[in-house]
Engineer: 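I am attaching a structure below and will ask some questions about it afterwards.
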Amino acid sequence: MVIFGLPGESALAMLLAAFVNIYAALGVIGKIRLTVQQLTILGAMIGCCHTLLIETTVIKSLNMPRYIQLIIRISAAFIIGIIMNLVWR
């Protein structure tokens with residue numbers, strides 16, 4: 001998580017947001033001491049790839065394979081996190 005400028009504990013928030021829901025991630029975020037910069041980066045990353053399992057099933061109706069959806073959303077979250085960390089410095 002260092003590449004995003006985030007502490008290691010924020011990985012748990014990302015995993016919960018991706019596989020459970022945003023509210024589970026908020027519970028973890030509430031217990032971690034984050035700066036405004038870190039909270040903004042984490043929020044933007046979670047916004048890109050939250051609830052992956054449920055939303056990929058819903059978007060499946062667009063006839064796009066699930067693995068492509070997952071690659072796009074996870075890559076977008078990583079790219080946004082890296083860019084925001086570099087720009088915010």
Side-chain angles (χ1 to χ4, degrees):
M1 300 301 287
V2 174
I3 194 166
F4 308 118
L6 298 172
E9 295 88 6
S10 60
L12 180 59
M14 282 294 299
L15 287 173
L16 286 173
F19 296 110
V20 181
N21 60 26
I22 293 176
Y23 301 108
L26 285 176
V28 173
I29 292 170
K31 295 294 181 181
I32 304 172
R33 291 184 149 270
L34 296 172
T35 64
V36 173
Q37 172 190 359
Q38 292 170 335
L39 190 58
T40 304
I41 292 171
L42 185 59
M45 291 176 67
I46 287 174
C48 286
C49 68
H50 64 279
T51 323
L52 290 175
L53 300 177
I54 296 170
E55 289 187 3
T56 53
T57 304
V58 172
I59 299 173
K60 181 75 171 126
S61 63
L62 298 175
N63 294 327
M64 179 186 285
R66 287 187 177 124
Y67 70 93
I68 292 177
Q69 295 175 41
L70 291 172
I71 290 171
I72 290 171
R73 291 180 67 191
I74 293 170
S75 298
F78 283 5
I79 291 168
I80 286 173
I82 292 169
I83 290 173
M84 286 181 76
N85 186 35
L86 292 175
V87 169
W88 202 302
R89 289 185 183 186

Engineer: Measuring only between side-chain heavy atoms, which start at C-beta, is Phe4 closer than 4.5 Å to Gln38?
Structural biologist: no
Engineer: Are Val28 and Glu9 close enough, and set up right, to give a side-chain contact (heavy atoms from CB on, under 4.5 Å), and what steps lead you there?
Structural biologist: CA-CA 9 Å; Val28 173; Glu9 295 88 6; 6.0 Å; no
Engineer: Quick check on the hydrophobic clustering: are Ile54 and Met64 connected, directly or via other members, by side-chain heavy-atom contacts under 4.5 Å?
Structural biologist: no
Engineer: Under a 4.5 Å cut-off applied to non-hydrogen side-chain atoms, are Met14 and Leu6 in contact?
Structural biologist: no
Engineer: Show the numbers, then the answer: is there a side-chain contact (heavy atoms from CB on, under 4.5 Å) between Ile74 and Leu52?
Structural biologist: CA-CA 9 Å; Ile74 293 170; Leu52 290 175; 4.0 Å; yes
Engineer: Which atoms form the tightest heavy-atom contact between Leu16 and Ala25, and what is the distance?
Structural biologist: CB-N, 4.1 Å
Engineer: Considering non-hydrogen atoms only, spot the tightest contact between Ser10 and Met1 and give its length.
Structural biologist: OG-CE, 3.5 Å
Engineer: Is there any side chain to side chain donor-acceptor pair (under 3.5 Å) pair reaching into residues 65-76, and which pairs are they, with sequence neighbours excluded?
Structural biologist: Glu55-Arg73
Engineer: Transitively linked via ILVMFWY side-chain contacts under 4.5 Å: Trp88 with Ile82?
Structural biologist: no
Engineer: Could you check whether atom CG of Leu62 has more than 12 heavy atoms from other residues, nucleotides or ligands sitting under 6.0 Å from it?
Structural biologist: yes
Engineer: Tell me whether Tyr23 is reachable from Leu34 by hopping between hydrophobic residues (I, L, V, M, F, W, Y) whose side-chain heavy atoms are closer than 4.5 Å.
Structural biologist: yes
Engineer: Applying the side chain to side chain contact (heavy atoms under 4.5 Å, CB included) criterion to Ile83, which one of Ile79, Ile80, Asn85 satisfies it?
Structural biologist: Ile79
Engineer: For side-chain contact (heavy atoms from CB on, under 4.5 Å), just list the numbers for Ile29 and Ile46, CA-CA rounded to whole Å, side-chain angles, deciding distance to a tenth of an Å, and then say yes or no.
Structural biologist: CA-CA 11 Å; Ile29 292 170; Ile46 287 174; 3.9 Å; yes
Engineer: With a 4.5 Å heavy-atom cut-off, do Thr57 and Leu53 have their side chains touching?
Structural biologist: no
Engineer: Only pairs at least two apart or in different chains count here, so list each salt bridge (Lys or Arg N to Asp or Glu O under 4.0 Å) that has a residue in residues 31-51.
Structural biologist: none
Engineer: Could you list who else is in Val58's hydrophobic cluster, with ILVMFWY side chains joined at under 4.5 Å, directly or through other members?
Structural biologist: none
Engineer: Linking I/L/V/M/F/W/Y whenever any side-chain heavy atoms sit under 4.5 Å apart, do Ile59 and Ile22 land together?
Structural biologist: no
Engineer: How far apart are the closest heavy atoms of Thr40 and Val36, and which atoms are they?
Structural biologist: OG1-O, 2.8 Å
Engineer: Are Val2 and Val87 grouped together when hydrophobic residues (ILVMFWY) are joined by side-chain heavy atoms under 4.5 angstrom apart?
Structural biologist: no
